[in-house]
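Throughout, numbering of the chain's residues begins at 1 and tracks the sequence. Counting starts at 1 for both ligands and their atoms, in listed order.
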Amino acid sequence: MKVAVLALQGAFIEHEQMLKRLGVESFEVRKLSDWQKPKDGLILPGGESTVQMRLMASLQLFDPIRQAINEGLPVFGTCAGMILLSEGRLGTMDVRVRRNAYGRQLGSFHAYGQVEGIGDDVPMTFIRAPYIDEVLSPRCRPLAVLDHHIVAAQQGRQLATSFHPELDCDLRLHQYFVQMLAS
Ligand code: GLN
C-alpha cells in the first residue's frame with residue numbers, strides 16, 4: 001500500500017511521519033511525473049490553499065488529481081486540503097467551506113472532540129482553519145461538529161478535517177483513512 005502526499009507547500013512531512021508510524025509507505029508529489037506513480041490514496045495537507053491551488057495548476061496537477069478523486073482514489077484533506085476538495089476548487093466534495101473561519105490571527109486553538117466512526121477525545125489542532133459552512137448533498141456526511149460548526153466530513157472515499165490530526169499524536173484518523181484504502 002502506497003500513499004501519495006501532495007508536497008508543494010505546507011505540512012506534508014508530518015503526514016508522512018504519521019503514515020510511517022502506521023507502517024504505510026508514502027511518496028511526495030512535487031511534479032507530474034511523481035503523480036504518475038502507482039498509488040492507493042492521496043493526502044492533501046494543510047498550508048495555504050491559494051498557493052497550493054496556483055502550484056497545482058501551474059504544474060499541471062490540478063486536472064489529473066481531480067479526475068483520480070472523481071474516479072474513486074481515496075483522499076484525505078486536512079485544513080487547506082479540505083478547502084482544496086470543496087466547491088469552487090477541486091470540487092470533488094459537496095461542501096462549501098469558509099476559509100479562515102475562526103479569524104486570521106487569533107484563529108489558532110486546540111480542542112478535543114468526538115468524531116463519528118473514530119471515537120471521543122480526538123485532539124483537534126486548528127490553525128487559521130476553515131469549517132464547513134454547508135453540506136451540498138446527502139452524499140456527504142458530517143463526522144464531527146464543534147461549537148455548531150462541521151469540522152470533519154466524509155463523502156465516499158473522501159475524508160476531510162478542518163483541523164490537523166498530523167500535528168497531534170493520535171493516529172486514529174490516519175488509521176481510519178488507511179482502512180478506507182484497504183476497503
Ligand atoms: N488558512 C489557510 C487557507 O485558507 C488554511 C490553514 C491551514 O491549512 N492550516 O488555505
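In summary, R96 and D133 do not engage in a salt bridge, as defined by a charged side-chain N under 4.0 Å from a carboxylate O. Salt bridge R141/E116: present, at least one basic N to carboxylate O contact under 4.0 Å. E48 has a carboxylate O that lies under 4.0 Å from a charged side-chain N of R99, or vice versa, which qualifies the two as a salt bridge.
In this structure, the ring of F76 has its center no less than 6.0 angstrom from the ring center of Y176.
Annotation: ring-ring contact (aromatic ring centres under 6.0 Å, His included) contacts of Y112 (sequence neighbours excluded): H110.
Sorted by chain and number, the heavy-atom contacts of ligand 1 below 4.0 Å come from G46, G47, E48, S49, C79, A80, I83, R99, N100, I127, R128, H164.
Put simply, the side chain of L6 does not reach to within 4.5 Å of the side chain of I43, judged on heavy atoms.
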